[in-house]
Asker: 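I have a structure here, written as structure tokens, and I will follow up with some questions on it.
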Amino acid sequence: MDGKLGTILIVDDNEDILHAARIFLKRHFRRIDIETNPVMIPTLIQNDQYDVILLDMNYNLDVSRGHEGFYWLDRILKIDPGAVVVMITAYGDVHMAVKAIKEGATDFVLKPWENEKLLATINAAMNLKNANREVSDLKEHKRKIYSDLDKSFSHIIGQSESMQRIFNTIDRVAKTEAGILIYGENGTGKELIARAIHRQSLRYSEAFVTVDLGSIPESLFESELFGHMKGAFTDAKEDRPGRIEMAHKGTLFLDEISNISMNQQTKLLRVLQTGKFNRIGSNKENVTDIRLISATNVSLHEMIKESKFRQDLLYRINTIEISIPPLRERLEDLPLIVEHYIKVYAGKYKKEIYKASEAALKRLQKYPWPGNIRELQHSVERAVILSHQSVLQPEDFFAPKMAQPETSSKQNPDIDHLNIQDLERMLIRKALQKNNGNITMAAKELGLTRSSLYRRLEKYGI
């Protein structure tokens, strides 16, 4: 390897010029292809990748007006919109040069040329090609990152009536610029809904930036959202953009928005009203264009009554409200969700597990799922990891917390007031808890067969 880079195509009907150019340029570039017949251009550029194309403007059929050159410039750019084309001609018409550049040419050289000037022009064109390629690669890399990030959010599963209403709302509001406020308990999939809206919006090719406002200390709020300049505070070692700046032209998702203080709410409201913000330590006013989606697990209307949330901020963020029901209120969707996560984790952990048994699904549907979809997802993952069977059984899902009894007056009953059924229920729960939900071990300790224990679990709703 001699270190030379770049492939050049030169198209000119003058063979002497072609050979002279090739002799000079081959000392500087890896390969120089020449062609006298412009009709061959489509075949050449479809079969090869050229960093720079030198294209004569005038051929035998059109000696001085440049019409053929413009025609082939147009053909090249239709085949490869990213092509870098330098037009060459013996006629130094300024208007022709301006027109060529307006129509997509990168530069314009006159012949006969000075070799060093030709080399400088080609090097500048090659630098432009490399810059364009880097931008294209960065965009593709960015697209892939967002695509990979979205894979875990690519399925909103549910056929219940409540979920169908949410799907319908997403379809209607996604392509608008309306602010969206998503209500839902922890683990119901608020971010999943927000990403679905972004993917169907007109901003889908831009960034989706998330901010968990519940995890940001108040002292870091402004830096996290608005960014800062180097030296703005003790730990500001370099300039850093904030999440609002990163979401420019895209979607900003503010999760747990109820956690921000009244002072923070005022600063956020200003950005939403004006579209302007300042990095910490800078007097320069930046402009941002974002689509805002917010989420919370508490009622902001109740917080307004308690003077904990600004009413004018609520008006800004909730043009459309979407309320996600907890899993316990749409248990008809649970089998579909379990099936989905079994496929995901069986593939991830290379396990030949195909489904959950009917008994397992019935048991899962009796559990209240305080952690909602997130808790169910983790339970399925745990079951897939630990199971040695191709069909998951109820014991595969019995984590200790799931085996614990519901909070009630019977959780720690006075033994003097128990009947036989209460005693049996209590013993079964204690055995399950002691054995970490393992049905086989619990049945053995209770002196029961597995099938007998399953019948009692069904009887007592455990």
Side-chain angles (χ1 to χ4, degrees), residues 141-160 162-164 166-167 170 174 182 184-200 204 208 210 212 251 253 255 293 295 297 322 324-403 436-439:
H141 182 60
K142 174 182 171 183
R143 185 204 64 77
K144 188 176 186 306
I145 288 174
Y146 293 147
S147 176
D148 291 344
L149 185 61
D150 273 346
K151 283 180 181 177
S152 59
F153 294 92
S154 60
H155 297 283
I156 304 177
I157 302 169
Q159 60 185 12
S160 60
S162 58
M163 291 306 296
Q164 292 302 316
I166 290 176
F167 298 153
I170 291 173
I182 304 172
E185 294 179 5
N186 290 333
T188 50
K190 297 187 289 292
E191 183 175 347
L192 186 146
I193 297 295
R195 286 183 179 274
I197 293 170
H198 174 72
R199 280 197 303 273
Q200 296 183 42
Y204 70 93
F208 178 90
T210 66
D212 182 0
T251 300
F253 175 57
D255 197 10
I293 302 178
N297 60 0
I322 296 177
I324 308 175
L327 181 56
R328 63 183 174 275
E329 293 180 9
R330 59 180 187 105
L331 290 174
E332 62 266 46
D333 291 331
L334 186 142
L336 291 174
I337 300 169
V338 170
E339 178 185 8
H340 167 72
Y341 284 122
I342 287 175
K343 289 180 181 177
V344 169
Y345 292 117
K348 179 178 180 179
Y349 298 113
K350 307 295 188 294
K351 302 289 288 284
E352 293 186 0
I353 297 174
Y354 306 104
K355 64 178 182 178
S357 68
E358 286 299 318
L361 292 175
K362 286 182 180 179
R363 173 68 188 91
L364 294 174
Q365 286 178 315
K366 289 185 176 181
Y367 181 68
W369 298 105
N372 293 291
I373 307 297
R374 187 181 297 123
E375 182 181 5
L376 177 59
Q377 176 185 351
H378 293 163
S379 296
V380 174
E381 181 178 16
R382 174 184 178 277
V384 169
I385 291 172
L386 297 179
S387 179
H388 298 292
Q389 308 173 76
S390 60
V391 177
L392 298 179
Q393 300 298 331
E395 63 265 27
D396 294 316
F397 292 94
F398 266 92
K401 60 182 178 181
M402 295 177 63
N436 292 329
N438 187 299
I439 294 292

Asker: Could you work out, with salt bridge (charged side-chain N to carboxylate O under 4.0 Å, His left out) as the rule, every residue matching D333, not counting sequence neighbours?
Answerer: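 Checked D333 against salt bridge (charged side-chain N to carboxylate O under 4.0 Å, His left out); matches are R330.
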Asker: Just by modelled atom types, is the S160 backbone N or O under 3.5 Å from a matching donor or acceptor in the E332 side chain?
Answerer: no
Asker: Could I get the full list of side chain to side chain contact (heavy atoms under 4.5 Å, CB included) partners for I385, not counting sequence neighbours?
Answerer: Y349, E381
Asker: Any luck finding a side-chain donor-acceptor pair between S357 and Q393 under 3.5 Å?
Answerer: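 The criterion, which ignores hydrogens and geometry beyond distance, is satisfied for Q393 and S357.
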Asker: Please round to the nearest 0.5 Å and tell me the distance separating atom CD1 of I197 and atom CZ of F253.
Answerer: 9.0 Å
Asker: Shortest non-hydrogen contact from A295 to D255?
Answerer: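 Shortest heavy-atom contact: CB-OD1, 3.5 Å.
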Asker: With a 3.5 Å distance limit and no angle check, can you tell me whether W369 reaches the backbone of L364 through a side-chain donor-acceptor pair?
Answerer: yes
Asker: Would you name the heavy atoms of K351 and L386 that are closest together and state the gap between them?
Answerer: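 Heavy atoms of K351 and L386 come nearest at NZ-N, 4.5 Å.
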Asker: Can you tell me how far the CD1 atom of I322 sits from the CD1 atom of I170, to the nearest 0.5 Å?
Answerer: 5.5 Å
Asker: Got a second to check how far Y367's OH is from L327's CG, nearest 0.5 Å?
Answerer: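 Output value for this atom pair is 10.5 Å.
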Asker: side-chain contact (heavy atoms from CB on, under 4.5 Å) between M163 and I166: does it pass, once the steps are laid out?
Answerer: CA-CA 5 Å; M163 291 306 296; I166 290 176; 3.9 Å; yes
Asker: Counting only N and O atoms by type, is there a donor-acceptor contact under 3.5 Å from the side chain of K190 to the main-chain atoms of G184?
Answerer: yes
Asker: Looking only at non-hydrogen atoms, find the nearest pair between I353 and V384 and report the distance.
Answerer: CD1-O, 3.6 Å
Asker: Which distance, rounded to the nearest 0.5 Å, do you find between the CD1 of I293 and the OG1 of T210?
Answerer: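 Rounded to the nearest 0.5 Å, the CD1-OG1 separation comes to 11.5 Å.
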Asker: Indicate the atoms forming the closest heavy-atom contact of A174 with Q200, along with that distance.
Answerer: CB-CB, 3.6 Å
Asker: K355: which residues meet the salt bridge (charged side-chain N to carboxylate O under 4.0 Å, His left out) condition with it, sequence neighbours left out?
Answerer: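 Testing K355 for salt bridge (charged side-chain N to carboxylate O under 4.0 Å, His left out), a comparison that skips the adjacent residues, returns none.
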Asker: My understanding is that only residues two or more places apart in sequence, or in another chain, count here; which of them pass side chain to side chain contact (heavy atoms under 4.5 Å, CB included) with A383?
Answerer: L392, D396, F397
Asker: Under the criterion salt bridge (Lys or Arg N to Asp or Glu O under 4.0 Å), I'd like the reasoning laid out for E358 against K362: C-alpha separation, chi angles, the key distance, then a yes or no.
Answerer: CA-CA 6 Å; E358 286 299 318; K362 286 182 180 179; 5.8 Å; no
Asker: Atom CG of L361 and atom CG of L331: how far apart are they, to the nearest 0.5 Å?
Answerer: 11.5 Å
Asker: For a quick test of reading the model, state the closest non-hydrogen atom pair linking P325 to S162 and the distance between them.
Answerer: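 Taking every non-hydrogen atom into account, CG-OG, 3.4 Å.
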Asker: What residues form a side chain to side chain contact (heavy atoms under 4.5 Å, CB included) with D212, not counting sequence neighbours?
Answerer: S215, E256
Asker: Measure the shortest side-chain to side-chain distance between V380 and Q377 over non-hydrogen atoms and say whether it is less than 4.5 angstrom.
Answerer: no
Asker: Quick one: OG1 on T188 to CG on N372, what's the gap to the nearest 0.5 Å?
Answerer: 5.5 Å
Asker: Looking only at heavy atoms, what is the nearest atom pair of L334 and Q365, with distance?
Answerer: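 Taking every non-hydrogen atom into account, CD2-CG, 4.0 Å.
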Asker: Sequence neighbours excluded, which residues qualify as salt bridge (charged side-chain N to carboxylate O under 4.0 Å, His left out) partners of R328?
Answerer: E185
